[in-house]
K.L.:
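Next up is a structure, given as structure tokens.
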Amino acid sequence: MEGLVTLILAAGLGKRMKSKHPKVVHKVCGKPMIEWVVDAVEEIGSKEVIVVVGHKAEEVKEVLKERVKYAYQEVQLGTGHAVMMAEDLLPEEGNVLILTGDTPLITSNTLKELINFHIKEGNSVTILSSVLEDPTGYGRIIRDKSGNVIRIVEDKDATEEEKSIHEINSAMYVMDIAKLKKALRMITNNNAQGEYYLTDAVEIIRDMDGKIGAFTVPSEEITGVNSRVQLFEAEKIMRKRINYRHMENGVTIVDPDTTYIGAEVEIGADTVVLPGCVIEGKTKIGSDCEIGPNCRIVDSEIGDGCSVTYSVILSSKIKNNVKIGPFAHIRPETVIQSNVKIGDFVEIKKSIIDEGSKVPHLTYVGDAEVGKNVNMGCGSITVNYDGRQKYKTVIGDNVFVGCNVNLVAPVKIGNNAYIAAGSTITEDVPEGALAIARSRQTNKEGWVQERIKKGGFKLNGEIY
């Protein structure tokens, strides 16, 4: 919105969080609280965003980086004082949207409506308010008989009559910058807390003949997060919003109450997400997939028509029509091409599995390139670590690897080669060859009876 500047207050200690980190960097659905607020502001086209930091300022800056400007509040002396610390960064005129960094549930639509109301009504100050069933602890909006806002009274300063009012101040506002700057020079800390209240500036602006209004929104959006319990409550609301958005876009989520999807996750239409799934980070899932139950997928790309069951996928790329699981672990930097099967109790690490290959069960593939149409037998392993260094295994196209095979890297297996079951391969295998690396079987007839004669031999639970 043209000429709009936003100021976000994020310098508080957040003592009730009982954390060594600033309150506003704690995450809701995988994204820091302060980032939710900045995202909402950027969506409405704020000309500039200023964040007031204080406690552990470096951690807040690490989250937001160069997206915003910063003001520093070394000692937290109230909301009015926080705005004073940013005064030099504000223009001389226009409107400033003042928000708090611990309200991740605020939406861009609400902010847009708030600003439009402020402009339409010709207000000098518009308070974002809400009506609570239990307003204890919140400042109350005091109106005259005509419904005009005349002041805000803090809960601890309110009379019994004022405490019966259910419309509360969210501590978020739109203010005329010129009038705000004048008011900041007039507010004092002459109160029980010894703090500079921004609410006092509202009353001062009213006394300047400034028009004060309040825009009322559902309480869900203005709820601040001050404790781990409130963080959980915000997460629950945000998770519901995210899940519903995906369902509205054509995704089936069988049980939204047990499905955790991060803020930046993308999922294609006609994909089904079964109960117990956790999908995080910048994950992208295509159309017509079935995910779950009980999968964890983080920062990964999954193509169309894939099936993932009881498995973990981390920072990897999965192409189309791939079947994974149950109980597979796809570790970072893995690329699985189309039409591949990764079966039960399989671990893939930092490897490429080319089209049409199968790794059906009980197999470890690490630091490897596996060609097209390869079959990795049950219990086969790429032995990639010698205790000091990792080495690479390269397997060509159309290779058959038998059960319980160890491929000791660095080693190359040529196209169309066969590896006999039980072999430990330490040298390259040429194209089209059969590699056998195991001892010849020896049968010693009569061996059991000879041992019985010598005594001390256990057979069928009896000692001879």
Side-chain angles (χ1 to χ4, degrees), residues 4-91 94-106 108 111 128 169-175 177 180-181 183-185 187 189 193-201 222-228 230-231 234 238 263:
L4 179 71
V5 175
T6 300
L7 183 61
I8 302 174
L9 310 185
L13 296 172
K15 292 179 181 177
R16 287 169 59 193
M17 294 295 287
K18 293 182 171 59
S19 173
K20 60 180 177 291
H21 303 293
K23 174 173 63 174
V24 297
V25 305
H26 284 265
K27 292 181 178 180
V28 172
C29 291
K31 186 190 292 187
M33 282 193 276
I34 185 72
E35 197 171 352
W36 281 106
V37 181
V38 172
D39 285 351
V41 165
E42 288 181 343
E43 283 180 32
I44 65 170
S46 179
K47 177 183 174 184
E48 199 164 72
V49 182
I50 303 159
V51 176
V52 181
V53 295
H55 176 64
K56 298 285 184 75
E58 298 75 18
E59 291 190 44
V60 181
K61 289 180 178 181
E62 182 61 29
V63 168
L64 298 176
K65 302 189 186 312
E66 304 302 317
R67 292 175 65 182
V68 302
K69 290 185 176 180
Y70 297 96
Y72 187 67
Q73 186 185 21
E74 185 174 357
V75 181
Q76 283 71 58
L77 298 176
T79 52
H81 182 258
V83 175
M84 289 176 189
M85 298 301 99
E87 185 178 353
D88 291 344
L89 295 175
L90 296 175
N95 289 311
V96 58
L97 173 64
I98 300 176
L99 304 174
T100 58
D102 63 354
T103 52
L105 299 173
I106 194 73
S108 58
L111 295 178
L128 191 65
N169 173 30
S170 71
M172 292 183 269
Y173 315 85
V174 184
M175 293 190 180
I177 293 174
L180 172 62
K181 286 192 171 187
L184 288 175
R185 298 182 185 95
I187 62 175
N189 63 344
Q193 302 297 316
E195 293 184 349
Y196 297 88
Y197 295 142
L198 190 56
T199 50
D200 290 346
I222 59 90
T223 302
V225 175
N226 296 299
S227 68
R228 304 280 181 162
Q230 290 175 343
L231 185 67
M238 190 67 78

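Heavy-atom basis, side chains included; hydrogens, waters and symmetry copies ignored.
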K.L.:
Starting at CE of M175, measure out to CG of L184 and round the result to the nearest 0.5 Å.
P.N.:
8.5 Å

K.L.:
Which heavy atom of T199 sits nearest to which heavy atom of Y173, and what is that distance?
P.N.:
CG2-OH, 3.5 Å

K.L.:
Hey, is the main chain of V28 close enough, under 3.5 Å, to the side chain of K31 for a donor-acceptor pair?
P.N.:
no

K.L.:
Mind checking the NZ-OG1 spacing from K47 to T6? Nearest 0.5 Å is all I need.
P.N.:
12.0 Å

K.L.:
I need the R185 CZ to L180 CG distance, nearest 0.5 Å.
P.N.:
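CG of L180 is found 9.5 Å from CZ of R185.
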
K.L.:
Could you pull out the closest heavy-atom pair between T103 and G224, with the gap in Å?
P.N.:
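Heavy atoms only, the tightest pair is CG2-CA, 3.9 Å.
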
K.L.:
Do L64 and Y70 come within less than 4.5 Å of each other through their side chains, counting heavy atoms only?
P.N.:
yes

K.L.:
Would you say K27 has more than 12 foreign heavy atoms packed within less than 6.0 Å of its NZ?
P.N.:
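No, NZ of K27 has 12 or fewer neighbouring heavy atoms, counting only those of other groups under 6.0 Å.
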
K.L.:
Do V53 and E58 come within less than 4.5 Å of each other through their side chains, counting heavy atoms only?
P.N.:
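Result no, sub-4.5 Å side-chain heavy-atom pair not found.
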
K.L.:
Mind running side-chain contact (heavy atoms from CB on, under 4.5 Å) on E42 and S108 for me, showing each step along the way?
P.N.:
CA-CA 8 Å; E42 288 181 343; S108 58; over 6 Å; no

K.L.:
Quick check on side-chain contact (heavy atoms from CB on, under 4.5 Å): which of L97, L99, I106, V174 does L128 satisfy it with?
P.N.:
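Output: one option passes, namely I106.
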
K.L.:
What heavy-atom pair brings H26 and M17 nearest, and what distance separates the two atoms?
P.N.:
CG-CE, 3.7 Å

K.L.:
side-chain contact (heavy atoms from CB on, under 4.5 Å) for Y197 and I187? Distances and angles first, verdict last.
P.N.:
CA-CA 8 Å; Y197 295 142; I187 62 175; over 6 Å; no

K.L.:
Just jot down the side-chain contact (heavy atoms from CB on, under 4.5 Å) partners of M85, sequence neighbours excluded, or say none.
P.N.:
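Listed in chain order: Q73, H81.
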
K.L.:
Let's go through L105 and M238 carefully: what are the C-alpha distance in whole Å and the side-chain angles of both, what is the deciding distance for side-chain contact (heavy atoms from CB on, under 4.5 Å) to 0.1 Å, and is it a yes or a no?
P.N.:
CA-CA 7 Å; L105 299 173; M238 190 67 78; 3.6 Å; yes

K.L.:
So, for G54 and Y72, which heavy atoms are closest and what is the spacing to 0.1 Å?
P.N.:
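The answer is O-CE1, 3.6 Å.
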
K.L.:
Let me confirm one number: the CE-OG1 distance from M172 to T100, rounded to the nearest 0.5 Å.
P.N.:
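OG1 of T100 is found 5.0 Å from CE of M172.
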
K.L.:
Given 3.5 Å as the limit, does a donor-acceptor pair link the side chain of Q230 with the main chain of N226, or not?
P.N.:
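Checking the backbone N and O of N226 against the side chain of Q230, a donor-acceptor pair under 3.5 Å is found.
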
K.L.:
Is V83 close to L9 at the side-chain level, that is, under 4.5 Å between some pair of heavy atoms?
P.N.:
yes

K.L.:
Is the shortest heavy-atom distance from the side chain of Q76 to the side chain of L13 under 4.5 Å?
P.N.:
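Of all side-chain heavy-atom pairs linking L13 with Q76, at least one is under 4.5 Å.
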
K.L.:
Shortest non-hydrogen contact from A234 to P104?
P.N.:
CB-CG, 4.5 Å

K.L.:
What I'd like to find out is whether the side chain of K15 reaches to under 4.5 Å of the side chain of K23, using heavy atoms alone.
P.N.:
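Contact flag for K15/K23 side chains = no.
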
K.L.:
Could you tell me whether the side chain of V60 reaches within less than 4.5 Å of the side chain of V24, counting heavy atoms only?
P.N.:
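Yes, at least one pair of side-chain atoms sits under 4.5 Å.
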
K.L.:
Apply the side-chain contact (heavy atoms from CB on, under 4.5 Å) test between I50 and each candidate in I8, I98, V96, L90; give the one that qualifies.
P.N.:
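So, applying the side-chain contact (heavy atoms from CB on, under 4.5 Å) to I50 and each of I8, I98, V96, L90, only L90 qualifies.
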
K.L.:
Kindly compute the distance separating CG (N189) from OH (Y196), expressed to the nearest 0.5 Å.
P.N.:
3.5 Å

K.L.:
What's the shortest heavy-atom distance between L198 and T79, and which atoms?
P.N.:
N-OG1, 3.1 Å

K.L.:
If I take atom CG from residue L4 and atom OG from residue S46, how far apart are they, to the nearest 0.5 angstrom?
P.N.:
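So the CG of L4 and the OG of S46 are separated by 4.5 Å.
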
K.L.:
So does E87 pair up with K181, basic N to acidic O under 4.0 Å?
P.N.:
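Not counted as a salt bridge, because no side-chain N and carboxylate O are separated by less than 4.0 Å.
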
K.L.:
Given R67 and D39, is the salt bridge (Lys or Arg N to Asp or Glu O under 4.0 Å) satisfied, shown in steps?
P.N.:
CA-CA 10 Å; R67 292 175 65 182; D39 285 351; 2.6 Å; yes

